[in-house]
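Okay, structure first, notes after.
Starting from 1, each residue takes its place in the sequence as its number.
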Amino acid sequence: MKEDKLRELDKYLDALRIKEKDSEERKIYEEVLDGRTLKILYKLSAKGYIKALGGVISTGKEANVFYADGVVDGREVPLAVKIYRIETSEFYRMDEYLFGDKRFDMRRISRKELIFIWVEKEFRNLERAFEAEVNVPEPYVYMKNVLLMEFLGEDEKASPTLVEIGKSLAELVDVEEFFWKVVENLKKLYQKAELVHADVSEYNIMLHKGEPYLIDMGQAVLIDHPYANSYLERDVKNLLRFFSKFNVKRSMEEILSEIRGE
C-alpha cells in the first residue's frame, strides 16, 4: 500500500515539475501532499496557475506553505502555495471564527467541509483587505484546501516575520514609524475592509521591502461579528506588547480609537 502511495506521489510530483527534491523536502511532500491534495495541485497546474512547485516556505500544524513559479492573468509571478492539512486535530479552533460570520451557512457542515470553508474565508478576507489597500499578499485563486497568493520575498526566500527579526528590527527600520504603519494598516482593515484580523502578533506581521504586511488572514472576522471587539482589543494588546520592547509606549485606548476612527 505504501509503495502504491509512493508511486502515485512520484507520478504527480513529476507532473507538477518539482524544482528540487532533496530528502528533507521530499519527506515534507510525502507528509503533506496526500492523494487528494496532489490532484488539486495537478488541476491548478493544468489550469495554468502553477508552472513548477518549489521549496518549503513554512510548515505548521494546520497548513504548510510552498513556493511555486506561477502564471496569473498571463503574467509570470512567484506564488505562495498554502496547503491546509485535511486531517488535523487543530481545526476545532476555527469554529469561533466561522460561527457568527454571516457570509457562511454553517449548518450541517462536515469537518472536511469546514476546512474548505476556512480556505474560502481566508481568500475572501484577503480580497477585501487587498481591495482596501491593506498590505497583504494578493490572493489569486483557491480550490478545496489549497490557496494561491502573492509570494512576499526575493529569490524564492520569504520575507521575514517580526518574530524572526527580533531585536534586529531597530537596525532595519525606524521602529516607531514602523509601528504607526502597522496601526495604519489595521485602521484601513477595520474602516475600509470592515475586518478585524483577530490574530495580530509578531508571528503574523512580515517586513517586506521596508513595509509591514499582515499575513494569515483566515481567522479575520467582519466588524459585526459577536467577538469582533474583543479580538480587536487582543490584537492591539499583542501589538503594544511587542513594540514596548523597543520603547514604543502608547495606550490601548489611543490605538483602539485610532483604528476605529473615533
Side-chain angles (χ1 to χ4, degrees), residues 19 49-50 53-60 62-73 75-83 122-142 146-193 195-220 235-236 238-243 245-246 248 255 259:
K19 299 177 76 172
Y49 289 109
I50 298 175
L53 195 62
V56 178
I57 297 172
S58 66
T59 60
E62 296 173 358
N64 294 277
V65 184
F66 294 83
Y67 174 86
D69 293 330
V71 176
V72 177
D73 296 330
R75 57 192 173 96
E76 294 191 2
V77 294
L79 297 176
V81 182
K82 189 169 187 176
I83 302 171
E122 182 162 15
F123 179 84
R124 290 171 67 174
N125 286 342
L126 283 168
E127 269 193 326
R128 288 176 76 109
F130 187 79
E131 288 169 5
E133 299 181 315
V134 180
N135 285 353
V136 294
E138 181 179 1
Y140 295 132
V141 70
Y142 70 95
V146 178
L147 171 62
L148 305 186
M149 57 189 157
E150 177 186 6
F151 171 74
L152 301 178
E154 291 184 359
D155 301 322
E156 301 188 22
K157 184 178 180 181
S159 295
T161 60
L162 297 191
V163 73
E164 292 168 332
I165 297 168
K167 293 181 179 178
S168 300
L169 183 66
E171 301 168 15
L172 302 172
V173 296
D174 179 315
V175 176
E176 178 127 6
E177 181 183 354
F178 190 84
F179 167 80
W180 284 108
K181 285 182 177 180
V182 177
V183 172
E184 181 61 26
N185 275 277
L186 293 175
K187 180 178 178 179
K188 286 192 285 188
L189 187 68
Y190 188 90
Q191 295 187 28
K192 295 177 69 176
L195 288 171
V196 172
H197 186 283
D199 195 22
V200 168
S201 75
E202 57 269 37
Y203 291 88
N204 290 333
I205 302 172
M206 271 185 167
L207 173 62
H208 179 61
K209 297 182 178 179
E211 298 291 325
Y213 275 73
L214 303 176
I215 59 172
D216 290 340
M217 295 285 293
Q219 71 293 320
D235 283 350
V236 172
N238 285 338
L239 193 67
L240 292 173
R241 173 192 50 75
F242 176 79
F243 280 94
K245 299 173 185 176
F246 300 90
V248 177
I255 302 306
I259 290 170

Practice task
Nearest 0.5 Å please: distance from the NZ atom of K157 over to the CZ atom of F151.
Solution key: 10.0 Å
Handout entry: Closest contact, heavy atoms only, K192 versus A132
Key = NZ-O, 3.4 Å
Fill in the blank from the handout: Residues Y140 and E150: closest non-hydrogen pair is CE1-N, 3.4 Å
Exercise for the section: Output the distance between atom OH (Y67) and atom OG (S58), rounded to the nearest 0.5 Å. Expected result: 15.0 Å
Exercise for the section: Answer yes or no: is there a side-chain heavy-atom contact under 4.5 Å between Y203 and T161? Expected result: no
Practice task
Could you tell me whether the side chain of L189 reaches within less than 4.5 Å of the side chain of M217, counting heavy atoms only?
Solution key: yes
Problem - Other residues, nucleotides, ligands: >12 heavy atoms within 6.0 Å of E133 CD - result: no
Problem - Separation of R128 CZ from E131 CD (nearest 0.5 Å) - result: 9.0 Å
Exercise for the section: Please check if atom CZ in F123 has more than 12 non-hydrogen atoms from other residues, nucleotides or ligands closer than 6.0 Å. Expected result: yes
Problem - Pairs flagged by salt bridge (Lys or Arg N to Asp or Glu O under 4.0 Å) wherever residues 202-216 is involved - sequence neighbours left out - result: K82-D216, K181-E211, E202-R241
Practice task
Using a 4.5 Å cut-off on heavy atoms from C-beta on, say whether the side chain of E176 contacts that of D174.
Solution key: yes
Exercise for the section: Return yes if some donor-acceptor pair links the side-chain N/O of D235 with the main-chain N/O of A198 below 3.5 Å, else return no. Expected result: yes
Practice task
Output, in order, the C-alpha distance, side-chain angles, deciding distance and verdict of side chain to side chain contact (heavy atoms under 4.5 Å, CB included) for L239 and V183.
Solution key: CA-CA 9 Å; L239 193 67; V183 172; 4.0 Å; yes
Practice task
Could you check whether the rings of F179 and F243 sit parallel, tilted or perpendicular, using 30° and 60° as the cut-offs?
Solution key: perpendicular
Exercise for the section: Hey, could you give me the CG/CE distance between L162 and M206, rounded to the nearest 0.5 Å? Expected result: 10.0 Å
Practice task
List the atom of A80, the atom of V65, and the distance in Å for their closest heavy-atom pair.
Solution key: CB-CG1, 4.0 Å
Handout entry: Nearest non-hydrogen partners of V81 and L53, listed with the distance
Key = CG2-CD1, 4.2 Å
Practice task
Hey, could you give me the CD1/CZ distance between I205 and F242, rounded to the nearest 0.5 Å?
Solution key: 7.5 Å
Fill in the blank from the handout: Scanning both residues in full, the closest heavy-atom pair of F130 with P139 reads CB-CD, 4.2 Å
Fill in the blank from the handout: Closest non-hydrogen atoms of V182 and P212, given as atom of the first, atom of the second and distance, are CG2-CB, 3.6 Å
Problem - H197 (side chain) donor-acceptor with I215 (main chain) under 3.5 angstrom - result: yes
Exercise for the section: Ignoring hydrogens and angles, tell me if any N or O in the side chain of N64 forms a donor-acceptor pair with the backbone of I83 under 3.5 Å. Expected result: no
Problem - Interatomic spacing from CG in L186 to CD1 in I255 - rounded to 0.5 Å - result: 9.5 Å
Completion exercise
The residue among L79, V141, L126 that forms side chain to side chain contact (heavy atoms under 4.5 Å, CB included) with L147 is L126
